[in-house]
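Have a look at the structure below before the remarks.
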Amino acid sequence: MKHILKKFIAVVSTITMIAGISSVTYAAENNDIHLQINGENVAFDNLKPINRQNRVFVPFRDTLQQMGAEVYYNDAEHLTTAKRGDTVIAFHPGETSVTVTKNGTTKNLETSMVISSGNTYIPVRFLGEAFDYPVGWDDSQKTALLIDTDKLLTDAGSFSIMNRYMEYNNQFTKQPYVFKGTFSFELNMPYDETVRELMPIKGSGTFEGISEQDKQNMSMAMQLDTEALKKYISTEAPDEETAEIANSVVSALEDVKINYITDISTGKMYLQCPMFALAGMDGDAWYYMDLNEIYSSMDVGMNFTELMDMVIGNDMTFEDYIKSAFASVPLTSVNDYNDFQTSIATFVDLFSDNAFEQQSDGYVSQFDFNENGVDVHFTFKVLSSGESVIGYDMNISAGISGTNFITLNASQNNTDATVVFNLNVPDVLNMVFNCGMTMEPTEQKAISQPSGNIINIMDAMEDVA
């Protein structure tokens, strides 16, 4: 069953951004520490990995050479340089600032180093960040884990079709776009555990806004049909006071307005909704979440802004996308490499040039998985006109023993996009969601933050509690 879930997750992860990064916790002081790269323990000649304050440090020169890098030391400048592929690491031993140049882009990273008997040791987590390697720790084996995604992709062939799609997709981050659309949904759920009759909840709405490279502003208005909810309250509320409170909440749901501002460069997300007043909050104020603070409290080793930069990277190739996505995969066992290989192979089966069949209006890739009653069907079509990519068409269905529980159809043709999502669990839950949107270039600019009263939503929740 674990093998099935791994393959299923690999398919689903291709259409969503990986939103979470695992925390890597290292063992207590222990002199018997190992380093595994691509499923094999590294055989060091003299130096060994060491532990300092629950962090694993590896010998810089020996480890980088094992990874296929060329390492140099400029005695005149006291500068150590390591070059592997298009990535160059440079630093002055003993300092905390390390320069990493990748794909022509240079950034400075702060990291601690250990100098022992004239040898430089660097945190293994840093190497994962510098080379987009997934990094982890097997506590039972006292082994730090690194996986070279580049090496796994060496024999994958070309991704030229997906790279053309990435170029098409990247154009929408190079200038502001105004967008507007409509949505509707119907949710059917049981009245209670003993009644098999499903309660229908229907809603619809509109949205509009501006999308810029690292900012988005949106206003949404939603209308909800509350007849079924009010019927439920009238029969199930224990007393009139409870019914009155419940009905006031339900009535507020009949017309909901939400304004939304996000700025990836700061990691701030702002929300304004009159319904907040029902929770004793200011319905006119803007409430914000600092996603960098949230990520920092989770100790994931990367802030939200860095994560988003990785996802929306300028001119990112599909190979870059694969490496960045898998750099965040949690590794906790020396045996994880085999599952990792399977997941990479699934990406190749879905998106390498060999996976696509050329048709009159584009290129289509199909994937069918059936094992132990679990059925997954995935189709991805890159729409093209001549040599130009103009959109995509994606269909996913997943179920058990011939019954589909999830279907997703998403498409975009130039600046028009649609999404239809169905979730059906017989006698438990049924949901249908439809959305359509149009976009067009604009000279308008998205704003980074609202004016007026701005409140940290975490503080507001503590006050309400």
Side-chain angles (χ1 to χ4, degrees), residues 16-21 172-173 176-185 187 201 203-224 226 229 245-246 248-298 300 303-309 311-312 417 419 421 431 433-437 439 442 444-465:
T16 60
M17 296 311 320
I18 299 209
I21 309 261
F172 296 103
T173 67
Y177 276 78
V178 292
F179 61 88
K180 61 180 179 180
T182 62
F183 65 90
S184 64
F185 63 89
L187 174 67
I201 302 174
S204 61
T206 60
F207 60 92
E208 61 182 4
I210 301 174
S211 179
E212 204 171 340
Q213 182 173 13
D214 55 2
K215 293 180 283 291
Q216 189 176 79
N217 309 156
M218 185 175 73
S219 297
M220 184 190 75
M222 181 183 72
Q223 294 74 47
L224 188 68
T226 62
L229 286 171
I245 295 173
S248 67
V249 174
V250 169
S251 295
L253 292 172
E254 292 175 355
D255 188 9
V256 178
K257 290 181 172 59
I258 300 176
N259 295 313
Y260 163 89
I261 297 171
T262 186
D263 186 346
I264 291 173
S265 66
T266 63
K268 297 284 182 64
M269 177 188 297
Y270 303 86
L271 291 171
Q272 182 191 54
C273 179
M275 272 195 63
F276 288 166
L278 294 175
M281 300 162 64
D282 186 344
D284 294 322
W286 285 88
Y287 291 87
Y288 78 89
M289 290 181 287
D290 190 327
L291 299 176
N292 279 318
E293 285 186 2
I294 293 174
Y295 266 60
S296 177
S297 67
M298 295 167 59
V300 296
N303 65 40
F304 177 78
T305 302
E306 289 174 333
L307 177 64
M308 290 298 99
D309 286 344
V311 173
I312 65 169
V419 174
F421 176 75
M431 183 179 73
F433 175 82
N434 291 272
C435 179
M437 181 178 73
M439 300 174 288
T442 181
Q444 300 180 56
K445 298 292 185 179
I447 62 175
S448 299
Q449 66 178 48
S451 58
N453 190 18
I454 302 175
I455 303 170
N456 188 321
I457 196 168
M458 298 301 180
D459 296 337
M461 292 176 66
E462 289 180 2
D463 293 340
V464 171

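Fair warning: this is a prediction, and the values are worked out from it, not measured in the lab. Just so you know, these numbers use all the heavy atoms, side chains as well, and skip hydrogens, waters and symmetry mates.
- In terms of heavy-atom proximity, Tyr260 sits nearest to Leu271 at CD1-CD2, 3.7 Å.
- A distance of 9.0 Å separates CE of Met222 from CG of Asp255, quoted to the nearest 0.5 Å.
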### Task
Check the pair Val256, Leu224 against side chain to side chain contact (heavy atoms under 4.5 Å, CB included), reporting the backbone distance first and the verdict last.
CA-CA 8 Å; Val256 178; Leu224 188 68; over 6 Å; no
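- Glu212 and Ala446 get closest at one heavy-atom pair: OE1-N, 3.0 Å.
- Note that the CD1 atom of Ile258 and the CE atom of Met275 stand 8.0 Å from one another [nearest 0.5 Å].
- Considering CE of Met269 and CD1 of Ile261, their distance stands at 11.5 Å, rounded to 0.5 Å.
- Across Thr206 and Phe183, no two heavy atoms sit closer than the pair N-CE2, 3.8 Å.
- Using the six-membered ring where Trp is involved, Tyr288 and Tyr270 have ring planes that are tilted, between 30° and 60° apart.
- Within 6.0 Å of CD on Glu208 lie no more than 12 heavy atoms contributed by other residues, nucleotides or ligands.
- How far OG1 of Thr266 is from CG of Asp290: 7.5 Å, rounded to the nearest 0.5 Å.
- Closest approach of Ile210 to Pro176, counting heavy atoms only: CG2-CB, 4.4 Å.
- Between Phe179 and Phe207, the angle of the ring planes lies from 30° to 60°, which puts this pair in the tilted group.
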